[in-house]
A.B. asks: 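Got a structure for you, questions after.
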Amino acid sequence: MLNRTLAEQISDLQKGEYSCSELTEAYLIRISETSDLNTFITVADDALENAAHADELRASGDDRPLLGIPVAHKDIFCQKNVRTTAGSRMLDNFVSPYDSTVIENLNAAGTVSLGKTNMDEFAMGSSNENSYYGPVKNPWRTSCVPGGSSGGSAAAVAARLCSAATGTDTGGSIRQPASFCGITGIKPTYGRISRWGMIAYASSLDQAGPLARTAEDCALLMTHMAGHDPRDSTSSPEPVDNYLESLSKPVSGLKLGICREYLEDLTPEIRAVFDEFVGELVSQGAETREISLPSSPLAIPAYYIIAPAECSANLSRYDGVRFGYRCEDPKDLDDLYRRSRSESFGAEVKNRIMVGAFALSAGYYDAYYNKAQQIRRLIKNDFVDALSGVDVILGPTTPGTAFPIGEKSQDPLAMYMQDIYTISANLAGLPAISIPAGFVDGMPVGVQAIGNYFDEATLLAIGHQYQQMTSWHQQEPEMNS
Amino acid sequence: MEVTDSVVKNIAALAQLQVDKTELPRLAAGMQNILDLAEQMQSADTEGVTPISNPLDATQQLRPDAVIEQDQRELFQSIAPATEDGLYLVPRVVE
Amino acid sequence: MREDWEVVIGLEIHVQLSTESKIFSGASTKFGASPNTQACAVDLGLPGVLPVVNEAVYPKAIAFGLGVGATIGERSCFDRKNYFYPDLPKGYQITQMDEPIVIGGQVEISLADGSTKTVRITRAHLEEDAGKSLHEDFHGMTGIDLNRAGTPLLEIVSEPEMSSATEAVSYAKTIHQLVTYLSVSDGNMSEGSLRCDANVSIRKKGDDKLGVRTETKNVNSFRFLKKAIEFEIERQIDILESGGRIAQETRLYDPDRDETRPMRSKETATDYRYFPEPDLLPVVINEAYINDIRKQMPELPAQKRVRFEEELGLTAEDANLIASDLGLATYFEICATTCSDPGMASNWVKGELLASVNRDDLLVANAPVTPIQLGTIILRIKDETISGKIAKTIFNALWQGEADSVDGYIEANGLKQVSDSSALEPIVDQIIQENPKQVEQYRAGKTKVLGFFVGQVMKQTGGKANPKQVNELVISRLS
């Protein structure tokens, strides 16, 4: 039952093939058996109780589709009475007094939380090596990273430790780990899913989304995650499409934009996977168009100014006064601030706070922060132009496959380049999906499709139609647990 | 832009981070990496380009003026490092 | 020489907007609650929380803008102002930097010599208030109460155009008057609803360049504002005269010692790193919205003053006094309409009414004598039903709650003035008969004794006789 997709489990549960309790228990056993992967920071202690409750509800006629589906949440989503750490020592003792909208909505849909997954500290990282709770291992090859920052969620889905998981994506943090772990992950349009209760890294870039085995599973979660939330001013009032209905939309007639800049430096192996992906959609009747995103080379530099600038302010609330880590015996107020923050933030977090504070400081604002936001406008304009002629823009999700743990941790620039294809969608606020499309040297590779604003339905449909004809998403890592 | 020790110290003071002798070169190098990367931005002609601060260029929806929050002090202070008589405690502040 | 120096003062006035809930959260703004019971997750800056703007702050900020003839920012944006302080939970204050809601404007202030002066307003912007630090001894610690964190403020920034403490106070009073008139704020200074930061600098007369300024923060009474600025002027001149230099710094006024001193805590925070608040979007206000507020604007104090003078014939002094307070002005207008005599209404309002209100420490709006009742009293004087003296008796009876209707009280106590000459004549005759000595004096040319006769008649009639008529009767009988 653990190898069934979420959609299949829904039908199994409805048919009574097994109960929510049985499914939940099986996952919990597997989570404890694979604890070496380090996917979870906190395993829920009330999962079985909630599963039993879901079984009772089902017995009494409750037919909500997600009732009793065991999911895992990235530990960036506040969950009431549950420890929520954001992968940081700073929040090691933080038991959230309230629920994030994402968790509230998925709880209301009937899902059972299995726990909180590991992540790069405050979502800053592309390998999950920046977690206070240690690196996560990639289930496909445990010497490799799962990607980041939603590495725990991606690895947990790939290792069949949950039916699906939630994640967040600021520069590629859903799509890159999805690609590295051979699963499907979508970052919706900025504002499509509420950020209320989602611990902020970079507010104008952060967006929640699902990680799951298939596009259909993603659509099932998206149905409940998406929607306007009056508690988030940046949440969009745009009506939510019927993602499940649109899955059956054929790809024939779709215009696929192939971005010239994205193919320039690709390795031949990744290029082959990409071409095969495009070939499959073309064989289903889609057309291709070459497009150009001339400002895309500036996406990484602009991102590494904007995200740190926002994070430098977002992380000022961690001051040891109202919650979180507080140093021992502070001798005065500055000592309280400096030691509480320095003793509990990791190196990469401090690095980005410093860069961000610098980019906003007197005399540098225009050359750094303002310049980056202007470039962001150019990048957005590129996309708006391109998407006026095509339905989606295709490219690789990542420049390579999952790399060995430790390989890039001493080379920050190489690490930053991980997000080269994913970051633009965050800067422009566009939705983008990563779909498993093959393997290179035994490691999974994903292809990314970027869609127009609020057109998640087309991205999910492309993923679903592709997955009807291919089996990459069905591959399961062999684990010698 | 060269990240000197004094830049690091100055920014660390603004960001309330501690810099000791071992941390200083590491922070300087980390900043230098990103700021070098950011130099690439200077190649772009952004004359007259309106900066984006929200990707959707949307406008704010306002909230009705209604009190919807109840007192949750006990819950909120149960996760606080130091409180007394309902107050959060910090080392003495001299104004 | 002291006369060689010129003082330049600019004020930043923080006005608390009178809303039910905070500017970015649904917590109450009510004053005086137990510490941190009105600090919700958003006010505490818990991880993951987000601000949403309270719609009620816009009509208030815009009404103020229209009241000072400012430009209203049709697109206004919020920014983050970054600094660490225990009463600032997020480590940044949400405020407005580049695109405030109110741009420009001006007010007329009255000077001691009776002339007026225009003070220009640079801008007024919306922002959230911080919490409060309590320095009582908690084992050497400071206690933080965040109830006030997130309370909506309008920060009104003047141009540096005032040249004395008296001018600065007059400006602050004018702003106070305006914001209470427009119901922008309750203006309650003892509860911190209006606080001033005074920027003071000194320069040699004739210099174009401004001197180095100090900012004295958080002064919450007009009296202290005057003293703080006066102290600061003296201090700066002393330093300059002895060849020293002024340090640009933030200072606090200590009312107990009547001095300002540097604030130690904010010395390091000099680079606020403002940037657009990414959790909030630009607020767009259209012309129709602004026009709606314009239509609902009450008459402003300055306009009222002119109308009272020009249309109702009050003296400049009376018009100024009555227009200074909306409650008083409203009371006066109802009273004047009731009795159709603005002059008498003004005399009674600034005399009897204000004296009673001040004696009992009441708001005009809560005066036990309603403006219609006072108007009726005046009417009864005018139609000669009662004398001025009886009128005061009735006013006091109403004030003390011993009466609830003017005419009813007159009737019940038989206070109606006697104007019937057939009733008065026998009394006059009797008084004349009983006082031959005075009659003699009168006839000998001492007409002053006329007052004696009138007084006696009034006494005999218990004050109810119409004094004018008595006067006439006595004269005719004695001649």
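Keep in mind it's a predicted model, so treat the numbers as computed, not measured. Below, chains carry the letters A, B, ... as their sequence lines are ordered, and counting in each starts from 1.
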A.B. asks: Nearest 0.5 angstrom please: C:Asp98 CG to C:Arg123 CZ, how far?
C.D. replies: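 Here the interatomic distance stands at 8.0 Å.
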A.B. asks: Measure A:Leu333 against the heavy atoms of chain C and call it side chain, backbone, both or neither at under 4.5 Å.
C.D. replies: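 It is the side chain, since no backbone atom gets that close.
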A.B. asks: So which of C:Pro89, C:Ser25, C:Pro51, C:Gly91 has the biggest tally of heavy-atom pairs under 4.5 Å with chain A?
C.D. replies: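 Of the candidates given, the most pairs with chain A belong to C:Pro89.
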A.B. asks: Taking the six-membered ring for Trp, is the centroid-to-centroid distance between A:Tyr337 and C:Phe84 below 6.0 Å?
C.D. replies: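 Close enough - the centres of the two rings lie under 6.0 Å apart.
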A.B. asks: Counting only N and O atoms by type, is there a donor-acceptor contact under 3.5 Å from the side chain of C:Thr29 to the main-chain atoms of C:Thr151?
C.D. replies: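 Not confirmed, C:Thr29 side chain does not pair with C:Thr151 backbone.
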A.B. asks: Let me know if A:Ser100 has heavy atoms under 4.5 Å from chain C in its side chain, its backbone, both or neither.
C.D. replies: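 A:Ser100 has no heavy atom closer than 4.5 Å to chain C.
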A.B. asks: Can a donor-acceptor pair be found, under 3.5 Å and without considering hydrogens, that links the side chain of C:Asn147 to the backbone of C:Thr37?
C.D. replies: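 Confirmed, C:Asn147 side chain pairs with C:Thr37 backbone.
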A.B. asks: Any idea which of C:Met141, C:Arg273, C:Glu277 has the most non-hydrogen atom pairs under 4.5 angstrom with chain A?
C.D. replies: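 With the most close heavy-atom pairs to chain A, the winner is C:Arg273.
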A.B. asks: For chain A, which candidate among C:Leu44, C:Val49, C:Leu281 shows the most heavy-atom pairs at distances under 4.5 Å?
C.D. replies: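 Most pairs with chain A among the choices: C:Val49.
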A.B. asks: Below 4.5 Å, heavy-atom pairs only: which of C:Val52, C:Leu88, C:Val42 has the largest tally toward chain A?
C.D. replies: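 When all of C:Val52, C:Leu88, C:Val42 are compared, C:Val52 has the most.
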A.B. asks: For the pair C:Glu155 (side chain) and C:Glu127 (backbone), establish whether a donor and an acceptor sit closer than 3.5 Å, ignoring hydrogens and angles.
C.D. replies: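 Pair absent, no side-chain N/O of C:Glu155 close to backbone of C:Glu127.
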A.B. asks: Using atom types as modelled and distance alone, determine if a side-chain donor or acceptor of A:Ser131 lies under 3.5 Å from a backbone N or O of A:Asp120.
C.D. replies: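 No; judged by distance alone, with no hydrogens or angles, the pair does not exist.
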A.B. asks: Are the ring centres of C:Phe275 and A:Tyr365 closer than 6.0 Å?
C.D. replies: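 So the answer is no for these two rings.
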A.B. asks: Quick one: which of A:Ser312, A:Ser204, A:Ala202, A:Ala313 has the most heavy-atom pairs under 4.5 Å with chain C, could you say?
C.D. replies: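 Looking at each option in turn, the highest pair count goes to A:Ala313.
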A.B. asks: By a 4.5 Å heavy-atom criterion (distance strictly below it), what part of A:Asp232 contacts chain C: side chain, backbone, both, or neither?
C.D. replies: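 Backbone plus side chain of A:Asp232, per the 4.5 Å heavy-atom cut-off to chain C.
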A.B. asks: At a 4.5 Å cut-off on heavy atoms, which part of C:Leu146 comes close to chain A: side chain, backbone, both, or neither?
C.D. replies: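 C:Leu146 touches chain A through side-chain heavy atoms alone.
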A.B. asks: For A:Phe345, is the NZ or CZ atom of A:Lys350 found under 6.0 angstrom from the centre of its six-membered ring and inside 45 degrees of the ring axis?
C.D. replies: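 Here A:Lys350 fails the 6.0 Å and 45° test against A:Phe345.
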A.B. asks: I'd like to know if the side chain of A:Asn370 and the backbone of A:Tyr364 have a donor-acceptor N/O pair within less than 3.5 Å.
C.D. replies: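 No, because the side chain of A:Asn370 does not come within donor-acceptor range (under 3.5 Å) of the backbone of A:Tyr364.
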A.B. asks: Side chain, backbone, both or neither: which part of A:Ala357 has a non-hydrogen atom closer than 4.5 Å to chain C?
C.D. replies: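 Looking at A:Ala357, backbone and side chain both touch chain C.
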A.B. asks: Heavy-atom distances under 4.5 Å only: say whether A:Pro230 touches chain C with side chain, backbone, both or neither.
C.D. replies: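 For A:Pro230, the backbone is the part near chain C, not the side chain.
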A.B. asks: Any side-chain heavy atom of C:Phe78 sitting closer than 4.5 Å to one from C:Val53?
C.D. replies: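 Yes, at least one pair of side-chain atoms sits under 4.5 Å.
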A.B. asks: Non-hydrogen atoms of chain C under 4.5 Å away: do they reach the side chain of A:Phe77, the backbone, both or neither?
C.D. replies: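 The answer is neither part of A:Phe77.
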A.B. asks: Checking heavy atoms, do the side chain of A:Tyr318, its backbone, both or neither come under 4.5 Å from chain C?
C.D. replies: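 For A:Tyr318, the contact with chain C is made by the side chain alone.
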A.B. asks: Any idea which of C:Gly45, C:Ala41, C:Gly26, C:Pro47 has the most non-hydrogen atom pairs under 4.5 angstrom with chain A?
C.D. replies: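 Looking at each of C:Gly45, C:Ala41, C:Gly26, C:Pro47 in turn, C:Pro47 comes out on top.
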A.B. asks: Below 4.5 Å from any heavy atom of chain C, which atoms of A:Arg322 appear? Answer side chain, backbone, both or neither.
C.D. replies: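 For A:Arg322, the contact with chain C is made by the side chain alone.
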A.B. asks: Identify which part of A:Leu315 has an atom lying under 4.5 Å from any heavy atom of chain C, answering side chain, backbone, both or neither.
C.D. replies: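 Neither part.
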